[in-house]
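First the structure, in the form of structure tokens, and then the observations on it.
Chain letters run A, B, ... following the sequence lines, proteins first and then strands; every chain starts at 1. The analysis underlying the following values was restricted to heavy atoms, covering all of them including side chains, and did not include hydrogens, waters or symmetry mates.
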There are 2 protein chains.
Amino acid sequence: MRIGELAARTGTTTRTLRYYESRGLLPARRDDLGHRTYDEGDVKLLRQIRTLQDFGFDLEETRPFVECLRAGHPEGDSCPASLAVYRRKLAELDALIGELQAVRATIAVRLASTDGEPPLCELGGQEL
Amino acid sequence: MRIGELAARTGTTTRTLRYYESRGLLPARRDDLGHRTYDEGDVKLLRQIRTLQDFGFDLEETRPFVECLRAGHPEGDSCPASLAVYRRKLAELDALIGELQAVRATIAVRLASTDGEPPLCELGGQEL
DNA sequence: CCTTGCCTTGACGTCGGCGTCAAGCCGTAC
DNA sequence: GTACGGCTTGACGCCGACGTCAAGGCAAGG
């Protein structure tokens with residue numbers, strides 16, 4: 001299949017596919033007209049990339065998964081390099097979620113101490 | 001005080017201060033040499049901006065807080081517009097944290113199902 | 001006098017992941 | 001013939017919050 005069809009089938013754009021190719025992530029064969037051609041394997045690679053992107057992985061982080069699939073594994077996360085990325089991501093997520101929750105709590109306190117009703121709570125409000 | 005001193009005192013850079021001014025967030029007076037001058041009030045405004053930035057607010061979102069301080073309020077979040085931003089931010093944070101936790105859980109499951117030890121768990125692993 | 005240091009404005013660079021436009025080739029339908 | 005649709009490469013645009021470089025002014029110190 002050609003680039004337009006692949007884009008349509010995976011909900012992306014031709015621009016995105018060419019960009020991935022420029023990054024060496026999704027190289028394409030060429031037909032006699034010089035047009036890019038793809039097969040079902042590429043569909044799978046692309047779906048893997050998109051799934052990880054949706055998870056917040058950046059492009060470089062998807063590379064081990066793509067290479068794992070290209071190496072013949074049925075799943076992109078069957079390889080040590082992919083699992084390493086998973087572990088790094090878990091740590092990043094835990095750190096980030098923790099920070100966001102701290103910020104959330106801080107804002108909630110500020111809101112509660114300034115908000116509508118009088119101080120019928122015991123949040124240690126310092127007349128802020 | 002001049003721009004260099006303000007930057008040093010607040011842990012930012014002169015470039016950042018000029019940028020804030022260009023955004024209309026932190027206008028400066030000028031001395032007879034055309035140099036920017038600031039006072040203690042500006043230190044307070046700047047600290048407010050930086051605090052919110054650290055919380056993940058973008059510059060535009062800090063504007064109501066700055067204007068609130070400039071309007072004479074002792075705290076930047078004493079004004080309705082600031083509280084509205086707080087509430088929007090809380091909602092955004094809740095949504096984001098939820099998504100991140102979902103991603104975290106998904107990754108954790110994938111890790112557990114491919115990782116080291118044999119399937120001594122009951123996560124419904126489909127031989128992935 | 002000359003250097004050093006702080007200031008000024010202006011403008012281009014950065015990062016990620018593409019969007020969008022331009023110019024041109026190719027095959028097919030009318 | 002020609003219009004159209006899909007493909008090609010190349011290159012600039014975008015967003016946010018600045019970093020960095022360039023060229024120049026002004027004052028104090030040796």
Rounded to whole angstrom units, what separation is found between the CZ atom of Arg9(B) and the C1' atom of dC6(C)?
18 Å
Working to the nearest 0.5 angstrom, can you tell me the gap between Gln101(A) CD and Asp94(B) CG?
9.5 Å
Quick one: Arg63(A) CZ to dG17(C) P, roughly how many Å, whole number?
11 Å
Considering only heavy side-chain atoms of Asp58(B), the closest of dC7(C), dA17(D), dT8(D) is dA17(D)
When the distance from CZ of Phe57(A) to P of dG17(C) is rounded to whole Å, what number comes out?
13 Å
Under a 3.5 Å distance rule, please check whether Ser82(B) uses its side chain to pair with a backbone N or O of Ser78(B) as donor and acceptor.
no
Would Arg30(B) and Glu21(B) count as a salt bridge (charged side-chain N to carboxylate O under 4.0 Å, His left out) if you check the C-alpha gap in whole Å, the side-chain angles of each, and the deciding distance to 0.1 Å?
CA-CA 13 Å; Arg30(B) 301 300 180 114; Glu21(B) 181 174 358; 3.6 Å; yes
Step by step, work out the salt bridge (charged side-chain N to carboxylate O under 4.0 Å, His left out) result for Asp39(A) and Arg29(A).
CA-CA 9 Å; Asp39(A) 57 24; Arg29(A) 278 110 283 169; 3.3 Å; yes
Close side-chain approach of Arg50(A) to Thr16(A), heavy-atom, < 4.5 Å:
yes
Start with the C-alpha distance between Glu60(A) and Arg63(A), add both sets of side-chain angles, then the distance that settles salt bridge (charged side-chain N to carboxylate O under 4.0 Å, His left out), and finish with yes or no.
CA-CA 5 Å; Glu60(A) 275 315 306; Arg63(A) 195 179 297 275; 2.7 Å; yes
What's the separation between atom CG in Leu17(A) and atom CZ in Arg2(A), rounded to the nearest 0.5 Å?
14.0 Å
With a 4.0 Å heavy-atom cut-off, tell me which residues in residues 24-45 of chain B come close to DNA chain C, sorted by residue number.
Arg30(B), Gly34(B), His35(B), Arg36(B)
Which part of the nucleic acid, if any, lies within contact of Arg23(B), taking any heavy atom under 4.0 Å across all strands shown: a base, the sugar-phosphate backbone alone, or nothing?
nothing
Atom pair distance, as rounded to whole Å: CE in Met1(A) and C1' in dC7(D):
16 Å
Whether each nucleotide of nucleotides 18-23 of chain D has a protein heavy atom under 4.0 Å at its base (B), only at its sugar-phosphate (S) or at neither (-) is summarised, 5' to 3', as BBB---
Using whole Å, what does the distance between atom C1' of nucleotide dC15(D) and atom CD of Glu60(B) come to?
13 Å
So does Leu45(B) get a backbone contact from the side chain of Asp42(B), meaning a donor-acceptor N/O pair under 3.5 Å?
no
With a distance cut-off below 6.0 Å to the six-membered ring centre and an angular limit of 45° from the axis, does Lys89(A) pair with Phe57(A) as a cation-pi contact?
yes
Over how many whole Å does the gap from Ile49(B) atom CD1 to dA17(D) atom P extend?
11 Å
Whole angstrom is fine here: how far is it from CG in Leu6(B) over to P in dT8(C)?
11 Å
Could Glu40(B) and Arg9(B) be called an ion pair, given the rule that one side-chain N must be under 4.0 Å from one carboxylate O?
yes
Going by heavy atoms closer than 4.0 Å, what residues in residues 89-101 of chain B are next to DNA chain C?
none
Is there a side-chain contact between Leu46(A) and Tyr38(A), using heavy atoms and a 4.5 Å cut-off?
no
Within this structure, what is the CD-to-C1' distance between Glu21(A) and dT8(D), rounded to whole angstrom?
11 Å
